[in-house]
Each structure stands twice: as C-alpha cells, then as structure tokens.
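First up is the structure itself, then whatever we jot down about it.
Since this is a predicted model, take the numbers as computed values, not measurements. Note on naming: letters A, B, ... go to the chains in the order of the sequence lines (proteins, then strands), and numbering restarts at 1 for each one.
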There are 2 protein chains.
Amino acid sequence: MSDLLERLRGRGWRLTAQRRVVAEVLDGGGASHVHLTADEVHARAAARLPEISRATVYNTLGELVSLGEVIEVATDGRAKRYDPNAHRPHQHLVCSRCGAIRDVHPGGDPLADLPAAERFGFTVSEVEVTYRGLCPNCAGA
Amino acid sequence: MSDLLERLRGRGWRLTAQRRVVAEVLDGGGASHVHLTADEVHARAAARLPEISRATVYNTLGELVSLGEVIEVATDGRAKRYDPNAHRPHQHLVCSRCGAIRDVHPGGDPLADLPAAERFGFTVSEVEVTYRGLCPNCAGA
DNA sequence: TCCTACGATAGACAGAGTCTAAGTCAAGAA
DNA sequence: TTCTTGACTTAGACTCTGTCTATCGTAGGA
C-alpha cells in the first residue's frame with residue numbers, strides 16, 4: 001500500500017494522516033477484497049484515528065475513485081461499496097439475500113460482445129458485469 | 001398496458017385509480033423505454049392524480065417489481081430507476097456524464113460466460129450488464 | 001346496497017451522501 | 001529551522017431517497 005501512497009503523492013496528493021488511514025483500511029482486506037461501504041470505511045478509520053470525519057472519508061474515497069485506484073460498486077441501490085482491486089479487471093458475484101460480494105475473473109472481454117450497431121453512437125469505455133444469485137450459505141438455509 | 005392491468009387483476013391485484021396511473025406512467029415512454037426514478041414517476045402520476053402520495057408510488061413500484069412486470073435498475077448508486085421492458089432480456093448503456101440510459105440487445109447469454117469454477121458455490125440466476133461511456137450529446141460537447 | 005379487508009394518505013423517520021464556513025496543517029520557500 | 005499558504009479537515013446542517021405507522025377511504029364480493 002505504501003506504493004499506492006507514493007503514487008498518489010507523485011500526482012500532487014498531500015499526504016495527511018486521514019488519507020493514509022483510509023488507504024490502509026481499504027488495503028486491509030488484503031487478498032480477500034472485502035467491499036466496504038463508506039460508513040464501514042469510516043468506522044474502521046475512526047478506530048485508528050477517532051477524530052476523522054465522515055466528510056473526509058467521502059472526499060478521500062471520491063478522490064481515489066477519480067484517480068482510478070478504487071472502483072465504486074453500486075450493487076443494490078443502497079450504499080455504494082468501494083473495491084480496492086482496481087488494477088485487475090474483474091466482475092462481481094452478488095448474493096441477492098445477504099449482499100455478499102465476490103470478485104470473479106472470467107476470461108474474455110465483455111466489451112467485445114457489444115457490436116457497433118448496438119452502441120447507438122455511445123463511446124463505450126467500460127463494462128460492469130454483476131452476476132446475481134444465492135451464496136452457498138443462503139442457498140443452504 | 002391494459003393487458004398488464006388485466007394480468008395483474010388476474011393475480012389478485014385490486015385495481016385502483018392510483019395503480020392504474022402508475023402503470024400508465026411507466027408505459028408512457030412507449031418504445032423509447034425511458035427509465036424513470038420513483039420521484040419522476042410520482043411527479044408524472046401527480047400530474048394526473050394530484051393527491052397520489054409518494055408512499056403509494058413506492059408501494060406500487062415495489063409490487064410491480066416483485067411481480068416481474070418491471071425491472072429495478074441501480075446504475076449510479078443514487079435513485080433506482082424503473083424499467084418497464086421486463087419481458088425482453090436486455091442490457092443497459094449508460095452515459096457517465098448525463099446519466100442517460102438506453103436498452104441494448106446483444107445476442108448471446110452472458111450467464112454462459114461464467115464457468116462453474118468461477119461461481120464459488122453460488123447459485124447464479126441472473127446477470128446484469130451495464131456498458132458505460134459517453135452518449136453522442138456528451139461526447140460532442 | 002352494504003361490509004370489510006386491502007389499499008391510500010400524511011407525515012415522521014432513517015440512511016446515504018453533499019455542502020459550507022471556519023479552523024488546521026503538510027510541504028515548499030527562505 | 002521557521003514561516004507561509006493553500007489544500008485539507010471538521011462539525012453539523014442540509015438534501016435526497018426510501019420506509020414505516022396510524023388512520024382514513026374504497027374496490028369488489030355477498
């Protein structure tokens with residue numbers, strides 16, 4: 001994660017304690033890639049830096065998204081979730097009951113599946129694929 | 001749309017003026033398939049039936065969704081949008097700047113693109129594909 | 001026509017996110 | 001090292017979207 005901070009600093013980011021903590025929280029999931037809501041990020045950040053405000057968390061997440069370091073995922077129309085796994089293209093598997101999210105990496109480029117005739121003049125730059133169903137826990141219950 | 005109302009009535013739906021107006025508003029887009037937010041549906045319904053309440057619009061939309069007559073689309077993490085084009089499988093093309101939405105119908109079944117090894121025990125039942133980019137208007141500006 | 005259960009209503013409430021004004025501090029300059 | 005400045009942070013009010021509850025109204029069957 002320190003390389004992320006260095007990368008951001010190289011792009012003119014001022015390195016504050018708050019931003020550092022938010023970046024660390026997002027990276028905290030490690031390989032499991034938890035997809036936290038802004039509120040969860042705030043709660044975890046506040047555990048280390050109690051005076052951090054919600055606005056700062058929202059600002060920092062927004063900046064990370066616009067810098068392409070984090071992906072915003074809107075799976076349910078409720079709170080957005082933030083996915084730090086931005087550098088490897090992937091898709092999401094979402095449980096319709098409990099909301100659990102898993103990253104999946106099928107091969108192929110879904111963008112190629114949309115013929116020009118179906119683009120209606122749009123300049124398409126990305127695709128978001130979300131598979132919905134029941135996770136093993138919920139399917140068992 | 002009257003066939004929709006008949007279909008719903010056949011399923012035990014009580015046919016009230018409010019429900020009729022909401023169904024007509026959703027159908028009002030016709031072939032263009034506008035994707036209205038709940039608030040927009042309420043505004044248009046209120047133009048015909050001024051005393052209709054927000055709660056009624058939300059209730060009716062929720063019922064139409066659970067009956068499979070309308071699809072709920074969460075493209076931006078803000079307000080959900082309601083898509084009356086539920087009977088023909090399709091995907092969405094969304095403008096990242098102005099939020100415009102278009103239905104597209106590429107061939108093929110995106111569900112087939114996810115190998116069992118990438119399903120992690122999930123019982124996958126549907127896929128949601130959203131292409132993002134700039135619409136012709138926004139790309140020109 | 002009458003009854004009654006289902007549906008509609010107003011308005012309070014809750015969650016997610018944005019905005020503003022004022023105070024703080026990271027990092028470059030001297 | 002100290003100073004300076006503008007970017008960053010903060011509290012808290014505000015907006016928007018959606019839900020809930022108690023009460024009132026009415027569609028549709030008897």
>> How many whole angstroms separate atom CD of A/E40 from atom P of C/dG17?
In response: 11 Å

Heavy-atom donor-acceptor pair, [X] side chain to [Y] backbone, under 3.5 Å:
| X | Y | value |
| --- | --- | --- |
| B/E118 | A/H105 | yes |
| B/T37 | B/K80 | no |
| A/R19 | A/R14 | yes |

> Any luck finding a side-chain donor-acceptor pair between A/H87 and A/E69 under 3.5 Å?
Replying inline: yes

>> Is it true that A/N85 and A/H35 share a donor-acceptor pair across their side chains at a distance under 3.5 Å?
In response: no

> If you find the nucleotide of DNA chain D closest to B/Y58 and the one closest to A/S53, which residue's nucleotide is nearer the 5' end?
Replying inline: A/S53

Using a 4.0 Å heavy-atom cut-off, does [X] contact any base of the nucleic acid, only the sugar-phosphate backbone, or nothing at all?
| X | result |
| --- | --- |
| B/T56 | base |
| B/A55 | base |
| A/R19 | sugar-phosphate |

>> Tell me if the CZ atom of B/R88 is crowded by more than 12 foreign heavy atoms within 6.0 Å.
In response: no

> Between residues 8-15 of chain A and DNA chain D, which residues have a heavy-atom gap below 4.0 Å?
Replying inline: A/R14

> Hey, where does DNA chain D pair up into stems, meaning at least three consecutive Watson-Crick or G-U pairs with distances under 3.5 Å?
Replying inline: C:1-30 with D:1-30

In a table with atom names and distances, give each donor-acceptor pair under 3.5 Å that connects a side chain of residues 46-53 of chain A to protein atoms at least two apart or in another chain.
| residue | atom | partner | partner atom | Å |
| --- | --- | --- | --- | --- |
| A/R48 | NH1 | A/E24 | OE1 | 2.7 |
| A/S53 | OG | A/T56 | N | 3.3 |
| A/S53 | OG | A/T56 | OG1 | 3.1 |

>> Both A/A79 and B/N59 contact DNA chain C. Taking the nearest nucleotide for each, which residue is further toward the 5' end?
In response: B/N59

> What nucleotide, of D/dT10, C/dA8, C/dT18, holds the atom closest to the side chain of A/R54?
Replying inline: C/dT18

> Quick one: CD1 on A/I71 to CZ on A/R81, what's the gap to the nearest 0.5 Å?
Replying inline: 15.0 Å

